[in-house]
Amino acid sequence: MSKKIYYHLPGLFEFYELYKVFLALFSKHREYFFDWCDIGSIYGAPADCIWGGGRVGFGEEEPEKVAALMEEYGISARLTFSNSLLQKEHLEDSRCNELCCIFEKSGAKKNGVILHSDLLLKYLKEQYPGFYFVSSTTKVLTDFEDFQKELEREEFRFVVPDFRLNKEFSKLETLPEELKQKVEFLCNECCWFDCYDRKNCYENVSRKSLGEACEDHVCVSPMADKGYRFSEAMENPGFIGIEDIQKAYAPKGFSQFKIEGRSLGSAVILEFLLYYMTKPEYQLKVREEIYLDSSLDLF
């Protein structure tokens, strides 16, 4: 496959220890991994971040250490600031502004921000022009015309559609080449394909990030009690596997793919890294290298 594929990986703060080991392995033994793929970015947000959204962050790692790791390996860091309910007074939050100061000018590789709020977008463009911006999947863009309008916005380098649009090839193929380059597909969503309450789910996370007292969102999926299972995600009609990427998406001009999983454990993230990036004959070797690292608690 001549076209390079870029993965955007979860857990910038949440899985720092895992990435510290994995990135060293990825750098030293590139022969273990598919030569047609690379890491486009690693995204996430720390636990105490009111601009956060999508998932409740639990990362505790020091931002300076995270930024240094990304700089060491030349990987773009993305701050996940996808809270949909931000008001003007929230823009003054010292913690979030401190994160922006650390990551805006950290390293040769440009860092980004994933966001939902246009209010926050305007603020960040003015205060931290060194970032690039990604339109978040929390906007739940399920209408293709709305999605295309979002792609046409010059402010965004990438746009993540709702996973229900993943297989709309008859429409996706009509996009101009420059817009195809901006589409970032969410590959491994386990959410119920027929979910009608996804936006409310994201809003609940936004309220929690703001510190509001609210009840947990009650998932409407008939399989909600199972939690995330990669095997179940693979059965989802919107799932994008490596054969789909190689045989359907890349030939049509798409190259950007997002892996979800910030709220999952390190062991599950490792399975994503093995499946999407690692040659089958080296998967056991990579798994052993990481499992036998005494500094890691994968569960």
Side-chain angles (χ1 to χ4, degrees), residues 6 8 10 12-13 40-46 48-57 63 67 70 76-106 109-162 165 175 178-186 198-212 256 258 260 262:
Y6 294 94
H8 303 276
L12 180 64
F13 296 87
S41 73
I42 302 178
Y43 67 92
D48 54 349
C49 181
I50 69 168
W51 293 355
R55 297 290 182 266
V56 176
M70 297 301 105
S76 175
R78 289 185 182 176
L79 298 172
T80 304
F81 288 162
S82 52
N83 196 305
S84 62
L85 302 177
L86 296 176
Q87 302 298 317
K88 190 174 181 179
E89 60 268 21
H90 298 134
L91 301 180
E92 300 176 1
D93 182 77
S94 59
R95 173 60 165 159
C96 295
N97 279 281
E98 178 186 2
L99 287 168
C100 288
C101 289
I102 293 170
F103 283 90
E104 184 199 12
K105 298 176 182 177
S106 180
K109 184 72 74 169
K110 196 167 188 177
N111 293 331
V113 177
I114 305 169
L115 44 72
H116 183 127
S117 167
D118 280 345
L119 178 69
L120 181 60
L121 174 62
K122 183 175 184 295
Y123 175 78
L124 293 176
K125 285 180 64 180
E126 293 173 352
Q127 300 296 320
Y128 305 101
F131 285 124
Y132 67 86
F133 301 103
V134 181
S135 178
S136 173
T137 192
T138 61
K139 294 180 181 180
V140 192
L141 297 173
T142 56
D143 180 87
F144 197 85
E145 289 187 10
D146 291 341
F147 170 54
Q148 182 161 347
K149 288 177 183 175
E150 192 78 356
L151 285 171
E152 291 168 351
R153 294 179 62 177
E154 294 182 357
E155 308 98 299
F156 296 122
R157 179 180 291 190
F158 301 105
V159 177
V160 186
D162 187 88
L165 291 182
L175 292 172
E178 64 270 17
L179 296 188
K180 286 183 178 181
Q181 297 305 309
K182 296 177 67 173
V183 181
E184 186 176 310
F185 294 99
L186 182 58
R198 194 166 170 82
K199 189 164 286 190
N200 286 331
C201 177
Y202 285 136
E203 285 192 2
N204 182 264
V205 174
S206 292
R207 294 186 190 282
K208 289 181 181 297
S209 294
L210 291 173
E212 296 183 14
Q256 308 293 328
K258 180 176 182 177
E260 78 158 23
R262 287 195 297 140

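Side-chain atoms are counted along with the backbone in the values below, which use heavy atoms only and exclude waters and symmetry mates.
- Looking at S117, its side chain does come within 3.5 Å of a backbone N or O of L119 through a donor-acceptor pair.
- The two residues T137 and D162 come nearest to each other via the heavy atoms OG1-CA, 3.8 Å.
- Considering every non-hydrogen atom in both S41 and H8, the closest pair reads OG-ND1, 2.8 Å.
- Although no hydrogens or angles enter the test, the distance criterion places a donor-acceptor pair under 3.5 Å between the side chain of W51 and the main chain of H90.
- Here the shortest heavy-atom pairing between D93 and N97 reads O-ND2, 2.7 Å.
- The side-chain contact (heavy atoms from CB on, under 4.5 Å) with H116 is formed by just one residue from the set N83, T138, L121; it is T138.
- Nearest approach of S76 to G112, heavy atoms of both residues: OG-N, 4.2 Å.
- Between G44 and L12, the closest heavy-atom pair is N-CB, 3.6 Å.
- At a threshold of 4.0 Å, the pair E126-K122 counts as salt-bridged, since one of the basic side-chain nitrogens sits closer than that to a carboxylate oxygen.
- Classification of E150 and R153 as a salt-bridged pair holds, one side-chain N sitting under 4.0 Å from a carboxylate O.
- Cation-pi geometry between K258 and F158 is not satisfied (NZ or CZ under 6.0 Å from the ring centre, within 45° of the ring normal).
- Side-chain atoms of N111 and Y128 form no donor-acceptor pair, as typed in the model, at a separation below 3.5 Å.
- Aromatic ring centres of F103 and F13 lie closer together than 6.0 Å.
- Within 6.0 Å of CD on E89 lie more than 12 heavy atoms contributed by other residues, nucleotides or ligands.
- At least one donor-acceptor pair under 3.5 Å links the side chain of K182 to the backbone N or O of F156.
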